[in-house]
Amino acid sequence: MTGKIQQIADAVKQCKTVMITSHEGPDGDAIGASLGLAAFLKAIGKDVTVHLADPVPELYRFLPGSDLVTPDIPDQDFDLAFVLDIGEFRRTGSKFCAFTRFNQLINLDHHLTCEEFGHINLIDEKAAATGLLVWRIAKACGFRADYNTAVCLYVAILTDTGSFRYSNANREAFESAGELLEQGGLNAWNIAEKLYESQPRKRIELLALALPTLEFVREGKVASITVLLEMYEKTGAGAELTDGFVNYPRSVAGVDVSIFFRQLEERRFKVGFRSKGTVNVATLARAFGGGGHHNASGGMVDGTLEEVKKIVYGAVDAVQW
Ligand code: 5GP
Ligand code: MN
């Protein structure tokens, strides 16, 4: 692992132009790791472009550099391209999937199921967030975090560990967060306030429509919540405001696996899974063309809600625990 970090640090030192991308429907780690890497690279004099297929959610727009994220790919060659937190290469989106104008492709990830599509693949499922892999590289370059780098990487760690509550919140996560707080002069409460105490009203209105769909199966060990397209219409909220909804069913006593049915089209659902630990939901998601981590994963299923529930509950039923 250290060999690879050194290899990446050397490539970073030698390069001039860098493209950074992450997954569609970006979350706090995708955004924080991408913008944190961009801030670090800019601070050491590199020419950086951050491309994301989808816009930066409102929640993360306070992060420095978020206004420079582009849905386009500029007409130029890059020395390095970084793909972060991806799980599956296709989740970079159609534009990046077709893009080849880089010398070297570096894949930084912490998903159990990630493919090795890069020239260098730094995949460490023990890393609580992809932002931590970025921090390892920055440190290997002898970098002391400035505010911009620190705040982005801190947000990556904070969001991917569920504010240091999940089982991935290990010593590295706590120590790195401490380093970033100190070096970047961060104020933890100010960041928490932006992330957790400034929700748009629409999110709670959408949650109010979603909570009555709460359903328990398999003697209460499995619970689900559903968001339908009509709920977005009623509230004016978008899909990016559903982040975290899947945690409500999981938080109930006795529930081991939580499922989020999120309607994408009339007959298509994104299915998100959360586990309290016993069940490996990454394996479960793979049956639906997806993947993820032991405790958090996702996939896609076609059909009406009734059909999709039947398929997914059936797959969960087949799991031994
Ligand atoms: P979320 O439910 O927050 O969208 O995703 C939970 C976890 O599962 C994240 O780590 C995410 O990257 C992963 N995940 C969600 N959907 C997919 C998918 O379609 N494919 C893969 N490989 N991972 C996914
Ligand atoms: Mn992540």
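Computed over heavy atoms, backbone and side chain alike; hydrogens, waters and symmetry mates excluded. Start at 1 and go down the list; that is how both ligands and their atoms are numbered.
E58 has a carboxylate O that lies under 4.0 Å from a charged side-chain N of R61, or vice versa, which qualifies the two as a salt bridge. Salt-bridge check for R136 with E172: passed, with a basic side-chain N closer than 4.0 Å to an acidic carboxylate O. A salt bridge between K234 and E205 is absent, with no side-chain N of the basic residue lying under 4.0 Å from a carboxylate O of the acidic one.
No side-chain donor from either of H23 and D54 sits under 3.5 Å from a side-chain acceptor of the other. With hydrogens and angles left out, the side-chain atoms of H111 and D109 include a donor and acceptor closer than 3.5 Å. For the residue pair S176 and Y154, no side-chain donor N or O sits within less than 3.5 Å of a side-chain acceptor on the partner. With hydrogens and angles left out, the side-chain atoms of D29 and T130 include a donor and acceptor closer than 3.5 Å.
Under 2.8 Å from the Mn ion (ligand 2), one finds the following protein N/O/S atoms: D29 OD2, D85 OD1, H110 NE2, D160 OD2.
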Pairs under 3.5 Å, N/O atoms on ligand 1 and on the protein: can you put them in a table with the distances?
{"from": "ligand 1", "atom 1": "2 (O)", "to": "R274", "atom 2": "NH1", "distance (Å)": "3.1"}
{"from": "ligand 1", "atom 1": "2 (O)", "to": "R274", "atom 2": "NH2", "distance (Å)": "3.3"}
{"from": "ligand 1", "atom 1": "3 (O)", "to": "R274", "atom 2": "NH2", "distance (Å)": "2.9"}
{"from": "ligand 1", "atom 1": "10 (O)", "to": "H111", "atom 2": "NE2", "distance (Å)": "3.0"}
{"from": "ligand 1", "atom 1": "10 (O)", "to": "H293", "atom 2": "NE2", "distance (Å)": "3.1"}
{"from": "ligand 1", "atom 1": "12 (O)", "to": "R91", "atom 2": "NH2", "distance (Å)": "2.8"}
{"from": "ligand 1", "atom 1": "12 (O)", "to": "H111", "atom 2": "NE2", "distance (Å)": "2.9"}
{"from": "ligand 1", "atom 1": "16 (N)", "to": "K270", "atom 2": "NZ", "distance (Å)": "2.8"}
{"from": "ligand 1", "atom 1": "19 (O)", "to": "K270", "atom 2": "NZ", "distance (Å)": "3.0"}
{"from": "ligand 1", "atom 1": "20 (N)", "to": "E88", "atom 2": "OE2", "distance (Å)": "2.5"}
{"from": "ligand 1", "atom 1": "20 (N)", "to": "G291", "atom 2": "N", "distance (Å)": "3.4"}
{"from": "ligand 1", "atom 1": "22 (N)", "to": "E88", "atom 2": "OE2", "distance (Å)": "2.8"}
{"from": "ligand 1", "atom 1": "22 (N)", "to": "G291", "atom 2": "N", "distance (Å)": "3.4"}
{"from": "ligand 1", "atom 1": "23 (N)", "to": "G291", "atom 2": "O", "distance (Å)": "3.1"}

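A cation-pi contact links R250 to Y166, judged by a cut-off of 6.0 Å to the six-membered ring centre and 45° from its axis.
Under a hydrophobic-cluster definition in which Ile, Leu, Val, Met, Phe, Trp and Tyr are linked whenever side-chain heavy atoms come within less than 4.5 Å, directly or via other members, F96 and I120 are assigned to different clusters.
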